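If you read the sequence from its start, that first residue is 1, and numbering goes on from there. Keep in mind that what you see is a predicted model, and the values were worked out from it rather than measured.
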Amino acid sequence: MRKGIHPSYGPVVFRDRAADHAFLTRSTMSSGKTIEWEDGNTYPVVDVEISYVSHPFYTGTARVLDTAGRVERFERRFGKRGGA
C-alpha cells in the first residue's frame, strides 16, 4: 500500500441511540467525541441511528405490507390491463 493516501484504521465505538447499545470495532470513521470503554481505554465514539440491535429485520419486528390488497385496489380503481 502507498503511504499517506489511506485513512487511519483503528478502534471505534459505535453507539446505537435507539437501543442504548454500543459495540467496539475497527473502522476508518473518526469523531471528535470520545467514550471510556469497558476495558478502561478511551476510544472515539460514532452515534448511529440504527444498528443490528434496533433494526426491524434483525429484531423480528418487521411489518409485512399488504401488497396483494394494494394491487387489487389499484385494479378496481383503474381496471385490469389486458395481457399480451
Side-chain angles (χ1 to χ4, degrees):
M1 288 189 343
R2 288 184 17 201
K3 301 286 184 200
I5 63 168
H6 300 285
S8 62
Y9 182 72
V12 177
V13 174
F14 285 93
R15 183 170 47 189
D16 184 350
R17 297 302 232 162
D20 195 30
H21 178 76
F23 55 94
L24 177 66
T25 186
R26 295 177 56 92
S27 176
T28 58
M29 291 188 72
S30 62
S31 174
K33 295 187 275 183
T34 59
I35 189 172
E36 186 173 332
W37 192 243
E38 300 158 351
D39 61 2
N41 294 328
T42 303
Y43 299 106
V45 63
V46 176
D47 290 326
V48 293
E49 297 291 324
I50 196 163
S51 70
Y52 72 94
V53 178
S54 60
H55 194 279
F57 178 79
Y58 295 106
T59 60
T61 59
R63 295 183 309 166
V64 177
L65 295 176
D66 181 22
T67 55
R70 290 183 181 191
V71 170
E72 290 168 0
R73 189 173 15 174
F74 179 83
E75 288 175 350
R76 274 195 313 246
R77 241 170 145 181
F78 299 106
K80 272 191 170 181
R81 195 169 176 191

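- In Asp20, the CG atom is not crowded: 12 or fewer heavy atoms of neighbouring residues, nucleotides or ligands sit closer than 6.0 Å.
- The cluster map of Ile, Leu, Val, Met, Phe, Trp and Tyr, joined by side-chain heavy atoms under 4.5 Å apart, puts Phe23 and Ile35 in different clusters.
- By the neighbour-count criterion of 12 heavy atoms within 6.0 Å, atom CZ of Arg26 is densely surrounded, having more than that number from other residues, nucleotides or ligands.
- Hydrophobic clustering of Ile, Leu, Val, Met, Phe, Trp and Tyr side chains at less than 4.5 Å, counting indirect connections, keeps Trp37 apart from Val12.
- Of the options Leu24, Thr25, Val46, a side chain to side chain contact (heavy atoms under 4.5 Å, CB included) to Val13 is made by Leu24 and by none of the others.
- Residues Ile50 and Arg17 are not in side-chain contact: their nearest non-hydrogen atoms beyond the backbone lie 4.5 Å or more apart.
- Atom CD of Glu36 is separated from atom OG1 of Thr42 by 5.0 Å, given to the nearest 0.5 angstrom.
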Next item on the list: For the pair His6 and Thr28, evaluate side-chain contact (heavy atoms from CB on, under 4.5 Å) and give the outcome as yes or no after the intermediate values.
Entry: CA-CA 9 Å; His6 300 285; Thr28 58; over 6 Å; no

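- The line from CZ of Arg15 to OG of Ser31 is 8.5 Å long, rounded to the nearest 0.5 Å.
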Margin query: Quick one, Tyr43 with Val45, criterion side-chain contact (heavy atoms from CB on, under 4.5 Å). Give me CA distance, side-chain angles, the key distance, then yes/no.
Written below: CA-CA 6 Å; Tyr43 299 106; Val45 63; over 6 Å; no

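- With rounding to the nearest 0.5 angstrom, the OG atom of Ser51 is 10.5 Å from the CZ atom of Phe14.
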